[in-house]
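Only heavy atoms go into these numbers, but all of them, side chains included; no hydrogens, no water, no symmetry mates. Keep in mind the model is a prediction, meaning the values are calculated, not measured. Numbering starts at 1 and runs along the sequence shown.
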Amino acid sequence: MYNMIRLVKKSLIVACCLFALTGLRRAFAQQDKNGDVYTVLEPNSSDGIFNSTASYIFSVNNNSNTTQVGKVSYLVTTEANKKVRADSIRVKIDPNGSGRYSFEVAGLSPGFYKINFMVNVSDYDDTTRKAFGIKPNRIQSQYQKPADFESFWQKAKDDLGKVKPEFKVTELPDSMKDNRRVFEVEMKSLNGVTIRGFLTEPIDKNKNRKFAVLLGLPGYQVTLGPMFATDPDVAIFTINIRGSGYSRDMINVRRESYIILDLEDKNKYVLKGAVMDCVRAVDFIFSRPELRHDNIMAAGGSLGGFLAIATSSVDKRINFCSAANPILCDIRNLVHEVDWPFTDIRKYVSIRPGFTMDKALDNLDYFDCKNFGFSISCPTLIGIGLLDPIAPPNNVYALYNGIRSPKHLIIFRDLAHEIGTKYKEYEGRWMRDTFALF
């Protein structure tokens with residue numbers, strides 16, 4: 001058994017366990033306003049979504065004592081960096097003056113686009129990088145899920161069911177915090193792999209009290225310790241999937257090698273076992289009489305967002321799903337839009353005789369987050385950043401538009417692979433409403 005005691009006292013303060021929380025601003029200032037020259041970009045949309053024409057005001061402020069001469073311009077590309085629009089304006093800005101320039105981008109198809117605003121004047125050159133969406137609710141992937149997608153995952157669950165969980169629960173009384181008991185949990189998952197996690201439960205004088213459950217799922221190679229909170233109605237179970245954190249007994253690889261482990265065989269691919277680890281975590285929740293079996297929320301960000309979507313799809317015992325910046329959405333379109341994980345996948349393919357990128361994509365179809373979305377039946381919350389270079393909004397929308405259950409999406413116009421406080425606040429309110437925690 002791992003020696004976790006000294007790490008138990010580290011608490012996680014949000015379910016997604018990954019993100020720096022920041023606020024949004026109406027206008028984006030590119031430089032310190034005390035500088036000689038600075039720019040301000042004002043999108044005419046609070047979330048960067050437009051119904052037809054995208055419009056911006058780009059201001060250049062000249063605090064210097066010299067006239068600034070040059071141009072301001074913009075460049076619009078697809079998420080795969082294909083140029084679709086460009087324009088420029090010649091400018092002359094007097095000393096201690098400013099200029100405001102309106103730009104409209106019309107005639108684009110539904111989807112998301114990158115937009116760069118450039119200023120090139122006498123004493124100053126800079127670029128402001130943003131993104132926007134046009135009618136994203138119309139986004140649909142041209143790629144279908146494999147015909148045997150459901151049967152593949154049903155067999156995985158059947159195989160998991162043949163493995164005795166051998167739940168082992170150890171209370172850690174010295175690690176109590178926020179009026180919560182702390183338990184170290186160990187269990188067997190698919191292929192007999194040992195996985196570990198932590199359960200924290202509110203201390204309540206009512207011995208018959210049952211708690212709703214937050215199942216916290218890890219980001220990519222993130223170690224999850226116990227999660228503490230002051231909510232008296234919710235127990236929190238954090239799980240370390242195989243090959244991550246405290247579950248490295250049988251799989252212990254370098255960070256960059258995890259996503260490609262056994263990719264040449266979809267039946268052995270590491271993410272198949274990881275999803276089943278999450279299902280096994282739900283089995284554990286169902287084994288505990290003090291936990292509500294009808295009030296389970298699966299939540300995570302990045303890889304944890306993928307796991308939340310996948311688990312909620314294959315295991316109908318999940319009652320609420322929260323996925324921030326979920327990765328691996330619409331994988332075949334993702335190939336040409338992001339570097340990770342495809343740089344690593346291409347390297348892996350190149351050293352495997354007989355293995356090709358086409359075969360890799362055929363296997364990854366079974367792990368495409370988009371393909372899980374169609375089968376989700378519980379309320380689902382998704383958060384995205386328009387500047388996300390790992391989970392681009394166009395691809396996440398391909399997932400979101402396929403979900404048929406009650407759903408809500410929160411967009412962070414000026415954030416990348418992260419979410420803001422608005423998401424966590426909305427998640428908490430919707431979860432409590434769904435679970436009737438009044």
Side-chain angles (χ1 to χ4, degrees), residues 12 14-17 150 153-154 156-157 160-161 165 167 185 187 189 197-202 204 208-218 224 227 229 231-239 241 274-301 304-324 326 369 371-383 399-400 402-410 419 423-438:
L12 304 177
V14 296
C16 294
C17 311
E150 281 78 15
W153 285 104
Q154 183 59 54
K157 290 196 297 178
L160 176 66
F167 298 126
V185 181
M187 67 196 82
S189 185
F198 293 96
L199 173 67
T200 69
E201 293 180 351
D204 196 293
N208 296 318
R209 178 75 180 275
K210 293 182 179 290
F211 303 104
V213 185
L214 163 61
L215 174 59
L217 305 174
L224 292 189
M227 183 184 293
D231 192 325
D233 299 314
V234 180
I236 306 172
F237 183 39
T238 51
I239 190 70
I241 57 174
V275 174
M276 290 300 100
D277 294 344
C278 299
V279 173
R280 176 73 1 134
V282 181
D283 291 340
F284 171 74
I285 293 169
F286 265 66
S287 76
R288 303 289 291 186
E290 78 277 16
L291 302 180
R292 291 283 301 270
H293 301 161
D294 57 349
N295 280 356
I296 303 173
M297 177 174 78
F306 163 84
L307 292 171
I309 293 291
T311 306
S312 301
S313 175
V314 304
D315 193 330
K316 304 308 180 187
R317 295 175 295 177
I318 298 296
N319 311 110
F320 186 89
C321 175
S322 174
C369 206
N371 293 337
F372 289 105
F374 300 108
S375 299
I376 292 178
S377 57
C378 65
T380 300
L381 176 65
I382 294 178
L399 156 69
Y400 181 76
I403 296 174
R404 301 182 180 93
S405 61
K407 60 185 178 180
H408 184 70
L409 186 141
I410 300 178
I419 54 170
Y423 185 91
K424 302 311 302 175
E425 293 167 356
Y426 193 98
E427 176 192 72
R429 291 195 302 270
W430 197 11
M431 181 270 289
R432 295 189 71 85
D433 287 346
T434 300
F435 293 169
L437 301 176
F438 306 120

**Message:** Quick check against the 3.5 Å criterion: does Arg404 have a side-chain atom that pairs as donor or acceptor with the backbone of Phe374?
**Reply:** yes
**Prompt:** Are any side-chain N or O atoms of His293 and backbone N or O atoms of Arg288, one a donor and one an acceptor, separated by less than 3.5 Å?
**Reply:** yes
**Ser313 side chain to Ile309 backbone, donor-acceptor under 3.5 Å** = no
**Request:** Only counting residues at least two apart or in another chain, list the ones meeting ring-ring contact (aromatic ring centres under 6.0 Å, His included) with Phe284.
**Result:** Phe167, Phe237
**Message:** Go through it in stages, so that I can follow the logic: the residues are Ile419 and Glu427, the test is side-chain contact (heavy atoms from CB on, under 4.5 Å), and I'd like the CA-CA distance, side-chain angles, deciding distance and then a yes or no.
**Reply:** CA-CA 12 Å; Ile419 54 170; Glu427 176 192 72; over 6 Å; no
**Prompt:** So Leu215 and Val282, side-chain contact (heavy atoms from CB on, under 4.5 Å) or not? Walk me through it.
**Reply:** CA-CA 8 Å; Leu215 174 59; Val282 181; 4.0 Å; yes
**Prompt:** So, Lys157 and Asp315, do they make that salt bridge, N to O below 4.0 Å?
**Reply:** no
**Item:** Considering all heavy atoms, the nearest Tyr423-Ile382 contact
**Value:** CE1-C, 3.5 Å
**Message:** Can you tell me how the ring of His408 sits relative to the ring of Trp430, calling it parallel under 30°, perpendicular over 60° and tilted otherwise?
**Reply:** perpendicular
**Request:** List the steps and the verdict of side-chain contact (heavy atoms from CB on, under 4.5 Å) for Val275 and Leu307.
**Result:** CA-CA 6 Å; Val275 174; Leu307 292 171; 4.2 Å; yes
**Salt bridge flag under 4.0 Å for residues Arg280 and Asp277** = no
**Asked** Any donor-acceptor pair under 3.5 Å linking the side chain of Ser189 with the backbone of Met187?
**Response** no
**Prompt:** With no hydrogens and no angle check, is any side-chain donor or acceptor of Thr200 less than 3.5 Å from a backbone partner on Met227?
**Reply:** yes
**Request:** Please say whether the positively charged group of Arg317, taken as NZ for Lys or CZ for Arg, lies over the ring of Phe286, i.e. under 6.0 angstrom from the six-membered ring centre and within 45 degrees of the axis.
**Result:** yes
**Request:** First locate atom CD1 of Ile296, then atom SG of Cys321, and finally report the distance between them rounded to the nearest 0.5 Å.
**Result:** 13.0 Å
**Prompt:** Which atom names give the shortest non-hydrogen contact between Leu224 and Ile239, and what distance separates them?
**Reply:** CD1-O, 3.6 Å
**Request:** Would you give the length of the straight line joining atom CG of Leu409 to atom OG1 of Thr380, rounded to the nearest 0.5 angstrom?
**Result:** 11.0 Å
**Request:** Test Asp231 against Arg432 for side-chain contact (heavy atoms from CB on, under 4.5 Å), laying out the working first.
**Result:** CA-CA 11 Å; Asp231 192 325; Arg432 295 189 71 85; 2.6 Å; yes
